[in-house]
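Everything on this sheet refers to the single structure shown next.
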Amino acid sequence: MSQFPQTRTELEQYQSARLTSLFEQVLPHNLFWRNKFSAAGVSAADTGNLADLRNLPLTTKAELLADQAAQPPYGTNLTYGVQNYTRLHQTSGTTGTPLRWLDTPQSWDWILQSWGQLFGIMGLRKVDRLLFPFSFGPFLGFWAGFEGANRLGNMCIAAGGISSQARLNLLRDNRATVVCCTPTYALRLAEVAAEQNIDLTQSGVRAILVAGEPGGNIPATRRRIETAWGAQVVDHWGMTELGPLAIESLAEPGGLYILETECIAEIIDPQTEQPVPAGTEGELVITNLGRVGSPLIRYRTGDRVRAGKKEGETRRGGEAENENSVSHSPTLPLSQSPFLYLPGGILGRIDEMITIRGNNLYPSALEDVIRQFDGIAEFRIELRTIKSMQHVKIEIEPFPALGASDVDALVARITETIKNRWHFQAEVVPVAIGSLPRFEMKGRRFVRE
């Protein structure tokens with residue numbers, strides 16, 4: 001879009017037109033959606049406008065995986081013949097079998113256009129140089145972010161397939177101002193920099209764009225990254241199967257703006273599947289509007305969110321100190337835009353909740369506590385069942401500079417903090433330096449046994 005809708009009414013009119021166009025292109029040719037709607041008793045007449053959307057069935061990742069297993073390798077969610085698709089990506093497989101996803105050139109162009117809008121919301125400047133220190137594997141990752149920023153005219157520095165030390169050298173030699181990676185890897189680079197006596201706060205990096213896992217929205221993790229880098233964390237959300245669809249603003253931090261020009265977002269009660277009132281936590285459901293070659297309609301993301309409003313003083317979306325260097329900003333202050341705002345971003349996964357001594361608890365809440373303590377290089381949370389009771393074990397790897405008494409005191413403080421907050425005794429144990437794994441992409445610090 002050349003201009004963001006100025007009111008909610010304008011936005012919904014735009015979404016309705018896009019939805020109608022999507023169905024007109026997809027339903028005659030896409031076997032997955034034809035069969036799904038037919039099984040649900042839905043006809044083309046039931047898909048005429050935005051108000052009809054909630055009458056359509058929800059879609060799950062399990063359905064898509066089953067479809068690909070039944071019709072390997074790509075399943076039936078293909079609007080065109082396979083010969084029309086030029087990009088293959090797949091999910092990381094962190095929670096099971098990877099999901100493959102194909103894109104036509106037109107769908108890939110939509111993804112890059114979406115990134116153009118997201119970078120505008122973020123506040124990317126024309127002079128920014130972006131470093132992408134990730135492996136460029138088959139998952140979508142920052143592939144699209146790299147190409148999207150390059151299309152805008154920004155210098156994009158590929159930093160895959162080299163060591164963390166080499167990446168830091170690349171960052172400094174090329175004067176990168178924005179680093180795009182997972183929160184885990186931002187901390188790993190900071191750890192390597194400290195080992196090499198490199199002061200990242202003097203590197204010229206002004207923003208760390210993070211995605212792929214919780215962290216950007218976890219206060220203690222966010223503070224640790226920002227302190228180590230002397231830069232501002234910007235959270236981003238998207239999925240391989242959905243595309244890039246939400247981002248935080250440098251000018252207005254604290255939550256995610258959903259890119260509702262390119263999707264329709266709902267927040268539902270995961271049990272009743274009905275909409276929740278504004279301000280109530282629920283599950284995010286997305287219909288993307290431009291990935292015609294392999295669209296998703298009412299897709300259950302499994303992510304916990306709540307709708308809210310941006311509070312406090314705000315500046316024009318994307319505004320920076322030098323307005324001449326700002327690129328691709330919205331035409332309204334974001335706080336006045338009609339976009340859905342999610343305070344705190346993605347709050348966690350619906351399926352990750354654990355119950356300990358009557359407390360409903362998410363791993364991200366434990367991470368927020370652990371990251372508040374200095375001296376921890378890495379950690380891991382294990383959940384196991386002992387005598388029919390859930391038991392939490394937290395392994396912490398201290399920094400080498402800590403002495404034995406310092407480590408003992410750290411363990412005691414973490415244990416006490418968890419007990420005071422949630423009224424259960426976690427087993428907190430120190431482990432040998434260097435014994436816990438380091439992650440370049442998504443961290444896997446929560447283990448169920």
Side-chain angles (χ1 to χ4, degrees), residues 1-5 107-134 136 140-159 174-183 186 204-212 216 231-240 242-263 288-291 310 314-335 337 339-342 345:
M1 289 189 66
S2 60
Q3 182 173 329
F4 286 80
S107 290
W108 188 249
D109 184 68
W110 170 78
I111 288 173
L112 300 190
Q113 288 181 28
S114 297
W115 261 114
Q117 294 186 58
L118 292 175
F119 280 131
I121 295 171
M122 169 189 164
L124 189 70
R125 302 171 181 173
K126 294 177 183 177
V127 296
D128 278 321
R129 298 180 179 185
L130 292 82
L131 181 80
F132 291 83
F134 76 106
F136 287 84
L140 190 61
F142 277 110
W143 271 104
F146 184 97
E147 293 190 26
N150 187 259
R151 173 182 283 192
L152 294 178
N154 291 85
M155 179 184 287
C156 296
I157 305 163
N174 294 280
R175 299 178 181 178
T177 59
V178 178
V179 176
C180 305
C181 61
T182 62
V205 172
R206 73 183 188 99
I208 312 291
L209 177 58
V210 298
Q232 190 172 336
V233 167
V234 178
D235 204 10
H236 160 62
W237 177 86
M239 288 183 164
T240 292
L242 283 171
L245 291 172
I247 204 163
E248 185 177 16
S249 166
L250 278 164
E252 302 174 12
L256 292 172
Y257 287 95
I258 297 288
L259 190 63
E260 290 187 282
T261 51
E262 307 306 328
C263 71
N288 54 11
L289 296 171
R291 210 171 186 179
K310 178 65 183 176
T314 59
R315 299 188 294 173
R316 179 175 293 276
E319 187 172 2
E321 288 80 359
N322 180 0
E323 292 188 2
N324 293 327
S325 64
V326 177
S327 66
H328 311 284
S329 297
T331 57
L332 280 178
L334 284 169
S335 57
S337 82
F339 287 174
L340 175 65
Y341 180 71
L342 306 177

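Since this is a predicted model, take the numbers as computed values, not measurements.
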Full working for side chain to side chain contact (heavy atoms under 4.5 Å, CB included) between Q232 and I208:
CA-CA 6 Å; Q232 190 172 336; I208 312 291; over 6 Å; no
Show your reasoning for whether side-chain hydrogen bond (donor to acceptor under 3.5 Å, both in side chains) applies to E147 and W108.
CA-CA 10 Å; E147 293 190 26; W108 188 249; 3.0 Å; yes
Checking ring-ring contact (aromatic ring centres under 6.0 Å, His included) against F146, which of F134, F119, F136, W115 comes through?
F136
Would you say the side chain of [Y] lies within less than 4.5 Å of the side chain of [X], judging by non-hydrogen atoms?
X	Y	value
F339	I258	no
V178	V205	no
L245	W237	yes
T261	Q117	yes
C263	L242	no

Atom [atom1] in [X], atom [atom2] in [Y]: separation rounded to 0.5 Å?
X	Y	atom1	atom2	result
N150	M155	CG	CE	10.0 Å
L259	N288	CG	CG	11.5 Å
Q113	E262	CD	CD	7.0 Å
Y257	S337	OH	OG	6.0 Å

Check [X] against [Y] and note the closest heavy-atom contact, atom names and distance.
X	Y	result
C180	L130	SG-CD2, 4.0 Å
L124	L152	CD2-CD1, 4.2 Å
M239	L140	O-CD2, 4.2 Å
L112	A144	CD2-O, 3.5 Å
P133	C181	CG-CB, 4.0 Å
P183	G216	CG-N, 3.7 Å

State whether the side chain of [X] and the backbone N or O of [Y] hold a donor-acceptor pair below 3.5 Å, judged by distance alone.
X	Y	answer
E248	H236	no
R129	N174	yes
Y341	G255	yes

Could you walk me through whether D109 and R151 pass the salt bridge (Lys or Arg N to Asp or Glu O under 4.0 Å) check?
CA-CA 10 Å; D109 184 68; R151 173 182 283 192; 2.7 Å; yes
Run the side chain to side chain contact (heavy atoms under 4.5 Å, CB included) check on T177 and R125 step by step: do they pass?
CA-CA 10 Å; T177 59; R125 302 171 181 173; over 6 Å; no
Hey, which of V233, D235, V234, V179 is the one that makes side chain to side chain contact (heavy atoms under 4.5 Å, CB included) with L209?
V234
